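A quick note: this is a predicted structure, and the numbers were derived from the prediction, not measured. Any value given below was found using the heavy atoms of this structure, including those in side chains, with hydrogens, waters and symmetry copies removed.
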Amino acid sequence: MFSGTTAALAQQTTVKETVAPALKSLRYDEDYRYLSDPTKRSDPWDAIKYIPLGFPSWFLSLGGEVRERFESYSAGNFGVPGKTGDSYLLHRVLLHADLHAGDSVRGFVQLGSHLAPGKDLAAPPYFDVSDVQQAFFDIRLPVTGNANIDPDVRIGRQELAFGAQRLVSIRDAPNVRRAFDGFRIGGSIADVRLDAFVTRPVLLHAGAFDDYSSPSQAFWGLYTTVPKGVIPNSGLDLYYLGFENRNALFSAGAGVEQRHAIGARVFGGAAPWDWDWEALGQFGSFGQQEIRAWGFSTDTGYTSAVGSWKARSGFKATVGSGDSNPQDGKLGTYGGFFPKLAYFNQAGLIGASNVADLQPSLTLRPTDQLKITMACDFIWRQTIKDAVYTSVGIPIAGTAGVPGQYSSTQYSIDLFWQADRHVSINAGYVYVDVSRSLLKVGGHNSSFSYISAAYSF
């Protein structure tokens with residue numbers, strides 16, 4: 001929430017800034033107090049990143065993003081219920097103002113406009129004419145006698161992202177980023193970070209300033225990050241997440257879902273290896289059924305030099321449980337909460353419910369700014385008794401019980417270029433080869449391509 005402690009800031013302002021820091025995905029995490037020293041200004045936008053307001057430690061910071069993204073599907077949703085191509089442009093403008101009233105009070109407002117020219121059935125999360133993306137206050141709580149405790153409270157509309165964003169993500173793709181209304185209290189005790197929150201997801205509407213808190217969903221939890229040292233060369237996340245959805249839909253039917261998850265994530269590296277492993281169990285209720293589900297995901301890589309290039313050989317494995325017995329009074333389908341919609345690749349056709357995925361990959365870095373990733377996903381259903389689920393957790397009609405556990409092979413290539421501090425360009429292509437189980441319900445082989453350019457300031 002507030003970036004760093006007062007002591008850390010004091011140390012920061014004693015160091016000469018020669019290069020402006022990288023802009024962050026969560027723009028509220030950026031801290032421009034170092035620009036109170038005019039000699040540290042090196043970027044053309046620095047004049048609006050720190051605007052003094054005449055009181056000690058009072059300043060205003062302005063910023064934004066313009067992004068243009070083109071996408072094309074030959075057959076969305078695997079072509080079920082019909083093979084329909086769709087090519088369109090996604091236009092996004094985000095502007096924010098970050099007001100710091102001393103070291104204890106802060107206000108952050110971000111407005112967004114999201115358009116989708118050419119999109120069939122343009123609707124959220126692709127299209128939202130204009131709305132409040134974020135608007136919150138941060139209040140630092142006074143704590144006396146212990147300099148190792150630094151708590152603050154955030155109240156209002158805010159983006160949330162935790163860990164590897166497998167469960168709670170900003171959803172940068174497709175167009176409208178995800179936000180929540182509620183409060184969050186967080187801080188550090190020594191080096192341990194704790195965040196507790198109670199929120200409702202923002203329900204998107206396509207008009208102007210008409211988004212509001214979802215009356216049918218609630219999301220709450222406690223997320224803790226323990227620094228490296230407890231496990232050799234690794235950090236540790238421990239969390240509890242709770243979710244209520246009064247309009248939940250699974251292959252077993254529709255009803256009220258109340259789901260709880262307890263999980264852990266271990267992440268770190270010891271050159272040339274890196275790793276990010278996560279596992280969780282889920283329990284609760286869905287209608288008259290008990291929820292008993294589970295999931296785990298691993299991402300392990302080995303980085304080596306290939307001439308002047310760097311190459312990372314990676315391997316991911318993901319399993320999300322399915323409902324293996326629809327008649328036993330228990331729902332076994334894993335629920336992904338609020339994950340990245342581009343969960344396995346940018347096509348975003350499938351999510352982590354009732355899935356078993358293996359993904360070898362190769363990432364080449366000719367320079368620190370340019371990255372090329374090639375990957376192949378081999379995807380099964382965890383059980384054929386349950387459906388194939390889309391990235392937003394909706395079952396594809398007719399797939400539950402269809403013979404054939406294998407669902408698709410997906411080949412992808414992605415390019416990302418950070419041209420400079422402000423300009424980023426990425427592009428890619430995904431080809432999806434569906435299995436006979438999807439062909440039996442009208443599925444088709446399909447392709448997806450995209451190119452995107454963003455300017456942030």
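- Remark: Trp277 CH2 is loosely packed, at most 12 non-hydrogen atoms of other residues, nucleotides or ligands lying under 6.0 Å away.
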Would Thr303 and Arg312 count as a side chain to side chain donor-acceptor pair (under 3.5 Å) if you check the C-alpha gap in whole Å, the side-chain angles of each, and the deciding distance to 0.1 Å? CA-CA 4 Å; Thr303 300; Arg312 179 186 184 270; 4.9 Å; no
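- Side chains of Ser324 and Thr383: no donor on one and acceptor on the other come within 3.5 Å.
- Of the possible polar contacts, one joining the Glu30 side chain to the Lys24 backbone as a donor-acceptor pair under 3.5 Å is found.
- A ring-centre distance under 6.0 Å is not found for Tyr32 and Phe59.
- Partners of Ser424 according to the side-chain hydrogen bond (donor to acceptor under 3.5 Å, both in side chains) rule, which considers only residues two or more places apart in sequence or in another chain, do not exist here.
- The distance between the ring centers of Tyr239 and Phe162 does not fall below 6.0 angstrom.
- Looking at residues two or more places apart in sequence or on another chain, you find a side-chain hydrogen bond (donor to acceptor under 3.5 Å, both in side chains) between Arg259 and Glu257, Gln282.
- Distance OG/Ser353 to CD1/Ile394: 9.5 Å, rounded to 0.5 Å.
- In this structure a side-chain-to-backbone donor-acceptor pair under 3.5 Å is missing from Ser216 to Asn247.
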Run the salt bridge (charged side-chain N to carboxylate O under 4.0 Å, His left out) check on Asp357 and Lys316 step by step: do they pass? CA-CA 8 Å; Asp357 171 84; Lys316 294 181 181 179; over 6 Å; no
Could you tabulate the donor-acceptor pairs under 3.5 Å formed by side-chain atoms of residues 221-230, not counting sequence neighbours?
unit_1 : atom_1 : unit_2 : atom_2 : d
Tyr223 : OH     : Asp237 : OD2    : 2.7
Thr225 : OG1    : Asp237 : OD1    : 2.8

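- Ion pairing of Arg69 with Asp172 is absent here, as no side-chain N (NZ or NE/NH1/NH2) approaches a carboxylate O to less than 4.0 Å.
- Side chain of Ser214 to main chain of Gln217: a donor-acceptor pair is present (N/O by atom type, distance under 3.5 Å, no hydrogens or angles).
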Chi angles and distances behind the side chain to side chain contact (heavy atoms under 4.5 Å, CB included) call for Phe296, Glu278: CA-CA 5 Å; Phe296 75 84; Glu278 187 166 359; over 6 Å; no
Considering only distance and modelled atom types, tabulate donor-acceptor pairs under 3.5 Å from the side chains of residues 449-457, sequence neighbours left out.
unit_1 : atom_1 : unit_2 : atom_2 : d
Tyr450 : OH     : Asp414 : OD1    : 2.5
Tyr450 : OH     : Ala427 : O      : 3.4
Tyr455 : OH     : Trp45  : NE1    : 2.8

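- In this structure, Asp195 pairs ionically with Arg193, as a charged nitrogen and a carboxylate oxygen lie closer than 4.0 Å.
- Salt bridge annotation for Arg33-Asp103: present, with a cationic side-chain nitrogen under 4.0 angstrom from a carboxylate oxygen.
- Using a cutoff of 4.0 Å between basic side-chain nitrogens and carboxylate oxygens, Asp328 and Lys330 are not scored as salt-bridged.
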Evaluate Asp98 against Ser61 for side chain to side chain donor-acceptor pair (under 3.5 Å), listing each step before the verdict. CA-CA 5 Å; Asp98 188 2; Ser61 182; 5.4 Å; no
For ring-ring contact (aromatic ring centres under 6.0 Å, His included), just list the numbers for Tyr28 and Phe136, CA-CA rounded to whole Å, side-chain angles, deciding distance to a tenth of an Å, and then say yes or no. CA-CA 10 Å; Tyr28 57 67; Phe136 61 79; 5.6 Å; yes
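- Residue pairs meeting the side chain to side chain donor-acceptor pair (under 3.5 Å) criterion with at least one partner in residues 109-120, sequence neighbours excluded, are Asp86-Lys119, Gln110-Gln134.
- For the 3.5 Å distance criterion, the side chains of Thr373 and Thr363 qualify, holding a donor opposite an acceptor.
- In this structure, Ser408 contributes its side chain and Ile379 its backbone to no donor-acceptor pair below 3.5 Å.
- Residues Arg92 and Arg177 approach most closely at NH1-CG, 3.7 Å, considering heavy atoms.
- A distance of 9.5 Å separates CD in Gln165 from CZ in Arg178, rounded to the nearest 0.5 Å.
- No donor-acceptor pair closer than 3.5 Å links the side chain of Arg140 to the backbone N or O of Val105.
- Here CD of Gln258 is found 10.0 Å from CZ of Phe283. Values are rounded to the nearest 0.5 Å.
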Step by step, work out the side chain to side chain donor-acceptor pair (under 3.5 Å) result for Gln133 and Glu159. CA-CA 8 Å; Gln133 177 66 21; Glu159 295 177 347; 3.1 Å; yes
Could you walk me through whether Phe137 and Arg154 pass side chain to side chain contact (heavy atoms under 4.5 Å, CB included), step by step? CA-CA 6 Å; Phe137 286 100; Arg154 176 168 295 172; over 6 Å; no
Evaluation steps, side chain to side chain donor-acceptor pair (under 3.5 Å), between Trp275 and Ser234: CA-CA 9 Å; Trp275 52 82; Ser234 297; 2.8 Å; yes
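- With no hydrogens or angles considered, a side-chain donor-acceptor pair links Asp181 and Ser213 at under 3.5 Å.
- Listed for the Ser321 side chain is a donor-acceptor partner under 3.5 Å among the backbone atoms of Gly332.
- Residues Thr298 and Thr300 bring no donor and acceptor atom of their side chains to less than 3.5 Å of each other.
- In this structure, the ring of Phe180 has its center no less than 6.0 angstrom from the ring center of Phe197.
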Just do the side chain to side chain contact (heavy atoms under 4.5 Å, CB included) check on Tyr50 and Ser36 with the steps written out, would you? CA-CA 7 Å; Tyr50 185 90; Ser36 60; 3.5 Å; yes
Should Tyr334 and Trp294 be marked as a side chain to side chain contact (heavy atoms under 4.5 Å, CB included) after you check the CA-CA gap, both sets of side-chain angles, and the distance that decides it? CA-CA 6 Å; Tyr334 170 87; Trp294 52 271; over 6 Å; no
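- You'll find the ring centres of Tyr212 and His205 inside the 6.0 Å limit.
- Remark: the backbone N or O of Ala347 is paired with a side-chain donor or acceptor of Asn345 at under 3.5 angstrom.
- Taking Tyr126 as the reference, nothing meets the side-chain hydrogen bond (donor to acceptor under 3.5 Å, both in side chains) condition, with sequence neighbours excluded.
- Between Arg157 and Val202, the shortest heavy-atom contact is NE-CG2, 3.5 Å.
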Salt bridge (charged side-chain N to carboxylate O under 4.0 Å, His left out) assessment of Arg265 paired with Asp276: CA-CA 7 Å; Arg265 170 178 171 251; Asp276 191 324; 2.8 Å; yes
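- Looking at Asp386 and Thr333, their side chains do bring a donor and an acceptor atom within 3.5 Å of each other.
- Nearest heavy atoms, Ala397 versus Val441: O-CB, 4.2 Å.
- One distance of note links CG of Leu60 with CD1 of Ile51; it measures 4.5 Å at 0.5 Å rounding.
- Annotation: Phe70 is not in aromatic contact with Tyr88 [ring centroid separation under 6.0 Å not met].
- Put simply, the side chain of Ser435 gets close to the backbone of Tyr406: a donor and an acceptor are under 3.5 Å apart.
- For the residue pair Ala116 and Leu90, the shortest heavy atom distance occurs at CB-CD2, 3.8 Å.
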